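Note that the coordinates shown come from a computational prediction; the quantities given were computed from them, not determined experimentally. Within every chain, numbering begins at 1; the chains are lettered A, B, ... in the order of the sequence lines, protein sequences first and strands thereafter.
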Amino acid sequence: MENINTEFSPLELDFFEQPTISLAKSLLGCQLVKWTKEGITAGYIVETEAYKGPDDRAAHSFNLRRTARTEVMYHRSGLAYTYQMHTHCLFNVVSGGEGKPEAVLIRAIHPSAGIELMQLRRHSQQSVNLTNGPGKFTKAMHITMEDYGHLLTSSPLYIAAGYKPKSISIGKRIGIDNSGEAVEYPWRFWITGNKYVSRHQKAERIETIE
DNA sequence: ATGGCGATTCTCT
DNA sequence: GAGAATCGCCATG
């Protein structure tokens with residue numbers, strides 16, 4: 001048998017072709033990998049949120065709103081949707097398939113490679129604080145608007161295999177207070193007990209993985 | 001041309 | 001827990 005290094009190999013495109021809620025859970029434990037000329041940074045995804053426009057008032061694509069910013073959400077699953085929030089860049093994986101504008105927001109990672117580079121970029125020697133928020137890990141990994149529309153199956157930015165979480169916690173999404181009834185939807189997912197999760201919140205449900 | 005505002009973060013109290 | 005920072009996007013006129 002040939003010895004193949006699968007540590008940082010991209011997942012295939014069909015991984016992204018599953019329903020958005022399912023994808024949001026499946027992404028937990030996978031690695032997010034970013035290459036730059038400075039080197040590699042990578043981390044296990046530990047927290048995600050599903051956004052299901054056009055019926056989801058919290059989604060940028062609510063009511064089929066289609067602008068330059070949200071355009072990529074209308075294209076195929078597996079593309080990167082990055083956008084600017086105040087001074088930060090937030091990162092989503094497009095899902096739903098062509099013409100169905102849905103996405104999974106990645107909210108936190110647990111570093112697996114390139115921690116020194118992350119510390120340099122974040123001007124911080126701390127560990128957990130480096131990547132425990134949606135604007136934090138993007139800075140640590142140098143994910144920017146340049147990555148908008150990039151297909152996440154190849155360098156410089158892609159999803160790779162990781163580990164299978166033992167338990168997934170489920171709760172309400174963060175920071176969408178003005179979104180009417182959508183505030184209540186249980187579309188936030190995190191690896192139970194993981195210390196890189198951005199905020200403490202009581203889980204509405206906990207799923208154990210077989 | 002302009003004004004409101006946000007899927008955030010940091011630094012205080 | 002509150003307030004500021006700070007800036008691009010997008011809807012209006």
Side-chain angles (χ1 to χ4, degrees), chain A residues 20-21 23-25 27-28 32 43 45-75 77 79-96 100-111 118-149 152 157 159 169-191 194-204:
Chain A
T20 298
I21 299 292
L23 180 63
K25 295 181 190 175
L27 280 165
L28 294 175
L32 180 62
I45 295 168
V46 301
E47 180 184 355
T48 62
E49 286 180 0
Y51 285 87
K52 303 214 306 169
D55 302 321
D56 175 5
R57 282 193 57 182
H60 292 158
S61 54
F62 172 65
N63 214 9
L64 286 177
R65 202 155 63 91
R66 187 163 183 163
T67 65
R69 179 174 71 151
T70 61
E71 179 61 27
V72 75
M73 291 183 74
Y74 289 80
H75 297 288
S77 302
L79 295 171
Y81 169 38
T82 49
Y83 72 95
Q84 196 118 10
M85 172 60 174
H86 289 259
T87 54
H88 309 285
C89 179
L90 273 59
F91 171 74
N92 298 252
V93 178
V94 172
S95 61
K100 199 160 170 242
E102 305 184 348
V104 177
L105 171 69
I106 309 300
R107 288 192 54 91
I109 64 145
H110 173 167
M118 293 185 186
Q119 290 174 329
L120 208 58
R121 288 171 175 156
R122 290 268 293 136
H123 308 293
S124 168
Q125 294 302 114
Q126 302 177 65
S127 55
V128 170
N129 186 42
L130 227 42
T131 57
N132 64 346
K136 295 182 187 179
F137 80 83
T138 53
K139 182 166 187 189
M141 297 181 72
H142 198 253
I143 293 170
T144 70
M145 290 308 294
E146 303 258 306
D147 295 304
Y148 184 92
L152 297 166
L157 179 62
I159 305 292
S169 294
I170 303 176
K172 296 183 174 84
R173 294 173 293 180
I174 303 290
I176 55 166
D177 301 334
N178 58 343
S179 300
E181 75 284 355
V183 171
E184 304 297 324
Y185 300 165
W187 288 350
R188 175 175 181 239
F189 309 93
W190 67 94
I191 296 179
N194 190 285
K195 63 182 179 182
Y196 287 86
V197 170
S198 67
R199 291 207 211 179
H200 263 307
Q201 174 196 33
K202 186 171 167 58
E204 298 186 0

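- Rounded to a whole Å, the NE2 atom of A:H123 is 11 Å from the P atom of B:dC10.
- A:R188 has no side-chain polar atom (N or O) that falls below the 4.0 Å cut-off from OP1 or OP2 of B:dA7.
- In terms of heavy atoms, A:A80 sits closest to A:F91 at CB-CE1, 3.8 Å.
- For A:E49 (side chain) and A:I174 (main-chain N/O), a donor-acceptor pair under 3.5 Å exists by modelled atom type.
- Taking the side chain of A:A68 as heavy atoms from C-beta on, and the options B:dG6, C:dC10, B:dT9, the nearest nucleotide is C:dC10.
- The A:Q84 side chain lies nearest to C:dG8 when the options are C:dG8, B:dC10, B:dT8.
- If you measure from atom CD of A:E146 to atom P of C:dG8, you get 14 Å, rounded to the nearest angstrom.
- Between the NE2 atom of A:H60 and the C1' atom of B:dC5 there is a distance of 11 Å, rounded to whole Å.
- Taking atom CG on A:N63 and atom P on C:dC10, their separation rounds to 15 Å, with Å as the unit.
- When the side chain to side chain contact (heavy atoms under 4.5 Å, CB included) test is applied to A:E146, the partners found at least two apart in sequence or on another chain are A:T144.
- Counting to the nearest Å, the P atom of B:dT8 and the CG atom of A:N132 are 13 Å from each other.
- Between A:K139 and the phosphate of B:dT9, there is no side-chain N or O to OP1/OP2 separation shorter than 4.0 Å.
- Rounded to whole angstrom, the span from the CG atom of A:D177 across to the C1' atom of B:dC5 amounts to 14 Å.
- Side-chain atoms of A:T70 come within 3.5 Å of backbone N or O of A:R65 as a donor-acceptor pair.
- Stacking is found between A:H86 and the pyrimidine-like six-membered ring of the B:dT8 base under the 5.5 Å centre-distance and 30° plane-angle cut-offs.
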Which pairs would a plain distance check flag for residues 125-135 of chain A, meaning a side-chain donor or acceptor within less than 3.5 Å of a matching protein atom at least two apart in sequence or in another chain?
residue	atom	partner	partner atom	Å
A:N129	OD1	A:K136	NZ	3.0
A:T131	OG1	A:I109	O	2.7
A:N132	OD1	A:K136	NZ	2.9

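- Regarding A:I106, its CD1 atom lies at a distance of 14 Å from the P atom of B:dT8, rounded to whole Å.
- Taking a pair as Watson-Crick or G-U wobble with both distances under 3.5 Å, the runs of three or more consecutive pairs in DNA chain C are B:1-6 with C:7-12, B:8-12 with C:1-5.
- A:R199 comes within 4.0 angstrom of no nucleic acid atom, judged by non-hydrogen atoms across all strands.
- Distance from the side chain of A:T87 is smallest for C:dT6 among the nucleotides C:dT6, B:dT8, C:dA11.
- Looking at heavy-atom distances under 4.0 Å, A:R65 makes contact with sugar-phosphate atoms alone, never a base.
- For the pair A:I174 CD1 and B:dT9 P, the computed distance is 11 Å after rounding to whole Å.
- With distances taken from any side-chain atom of A:H88 to the nucleotides C:dA11, C:dG8, B:dT9, the minimum falls on B:dT9.
- Residue A:A103 comes nearest to A:M73 through the heavy atom pair CB-CE, 3.9 Å, listed as atom of the first residue, atom of the second, then distance.
- In this structure, A:R173 satisfies the cation-pi test against A:Y51, with its NZ or CZ atom closer than 6.0 Å to the six-membered ring centre and inside 45 degrees of the ring normal.
- Within 4.0 Å of A:I176, counting heavy atoms only, lie sugar-phosphate atoms of the nucleic acid but no base atom.
- Within a 6.0 Å radius of NE2 in A:H142, no more than 12 heavy atoms belonging to other residues, nucleotides or ligands are found.
- Contact check, A:R69 against B:dA7: no side-chain N or O comes under 4.0 Å of OP1 or OP2.
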